[in-house]
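Single-structure report; data block below.
Everything numeric here is computed off the predicted structure, so don't read it as measured data.
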Amino acid sequence: QVQLVESGGGLVQAGGSLRLSCAASGRIATITAMGWYRQAPGKQRDLVAHITEGGVTSYVYSVKGRFTISRDTYNTLSLQMNSLNPEDTAIYYCTANTLVGGLKYETYWGQGTQVTVSS
């Protein structure tokens, strides 16, 4: 129903910046909220940032003031990451919540993009 493709990951030195993008396709009209998760090796997948249909954003405490989530176009989600540190190293996943027919709720995931921050 919905496909998500992340891009923008890579290797960056501590203190640097990256901008992740997520392109949505398919039944994008069903998308409500969107967000970014990340998962480091041996750790659980955690929510990093979230944006509602009304544009209200939220962030995990550790990235507040450094990361900014935005829905730049109808089908494009971004995560601007500044002042990166090695603790930000993880695979970052784009997510989209959907509501079909006012009855069925689903969550879709992208394949993820690797972000590696070196000292």
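With sequence neighbours excluded, no residue satisfies side chain to side chain donor-acceptor pair (under 3.5 Å) with Thr32. The side-chain contact (heavy atoms from CB on, under 4.5 Å) check on Asn85 picks up Arg66, Glu87, Asp88, with sequence neighbours excluded. Listed by chain and number, the residues in a ring-ring contact (aromatic ring centres under 6.0 Å, His included) with Phe67 amount to none (sequence neighbours excluded). Shown here are the salt bridge (charged side-chain N to carboxylate O under 4.0 Å, His left out) partners of Arg71, two or more places apart in sequence or in another chain: there are none.
Taken to the nearest 0.5 Å, the CD atom of Gln80 stands 5.0 Å off from the CZ atom of Arg19. For the atom pair OG (Ser21) and CG (Leu77), the distance works out to 8.5 Å, reported to the nearest 0.5 Å. Going from atom CD of Glu106 over to atom OG1 of Thr98 covers 5.0 Å, rounded to the nearest 0.5 Å. With rounding to the nearest 0.5 angstrom, the OG1 atom of Thr57 is 10.5 Å from the NE2 atom of His50. Taking OG from Ser7 and CG from Leu20, the interatomic distance works out to 8.0 Å, rounded to the nearest 0.5 Å. To the nearest 0.5 Å, the span separating OG1 on Thr113 from CD1 on Ile91 amounts to 9.0 Å.
Sequence neighbours left out, the pairs with a member in residues 87-117 that pass ring-ring contact (aromatic ring centres under 6.0 Å, His included) are Tyr37-Trp109. Residue pairs meeting the disulfide (SG to SG under 2.5 Å) criterion with at least one member in residues 18-105, sequence neighbours excluded, are Cys22-Cys94.
Put simply, the side chain of Thr76 never gets that close to the backbone of Thr73: no donor and acceptor are under 3.5 Å apart. Judged by distance alone, the side chain of Thr89 and the main-chain N or O of Thr116 form no donor-acceptor pair under 3.5 Å. In this structure a side-chain-to-backbone donor-acceptor pair under 3.5 Å is missing from Ser70 to Asp72. For the pair Glu6 (side chain) and Gln111 (backbone), a donor-acceptor distance under 3.5 Å is present.
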Could you give me the CA-CA distance, side-chain angles and deciding distance for Asn97 and Ile31, then say whether side chain to side chain contact (heavy atoms under 4.5 Å, CB included) is met? CA-CA 6 Å; Asn97 298 319; Ile31 295 176; over 6 Å; no

Apply the test side-chain hydrogen bond (donor to acceptor under 3.5 Å, both in side chains) to residues Gln13 and Ser118: give CA-CA distance (whole Å), side-chain angles for both, the deciding distance (0.1 Å), then the verdict. CA-CA 5 Å; Gln13 293 184 340; Ser118 63; 5.1 Å; no

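You'll find the side chain of Val115 reaches within 4.5 Å of the side chain of Met81, heavy atoms only. Between Val63 and Arg38 the shortest side-chain heavy-atom distance falls below 4.5 Å. The shortest side-chain heavy-atom distance between Val60 and Asp46 does not fall under the 4.5 Å cut-off.
The two residues Thr68 and Tyr59 make their nearest non-hydrogen contact at CA-OH, 3.3 Å. Of all heavy-atom pairs between Ser17 and Asn82, the closest is OG-OD1, 2.9 Å. Between Ala24 and Leu4, the closest heavy-atom pair is CB-CD2, 3.6 Å. Closest of all the heavy-atom pairs between Ala40 and Ala90 is N-CB, 3.8 Å.
Cluster annotation: Val56 and Trp36 are assigned to distinct hydrophobic clusters (Ile/Leu/Val/Met/Phe/Trp/Tyr, side-chain heavy-atom contacts under 4.5 Å, transitive).
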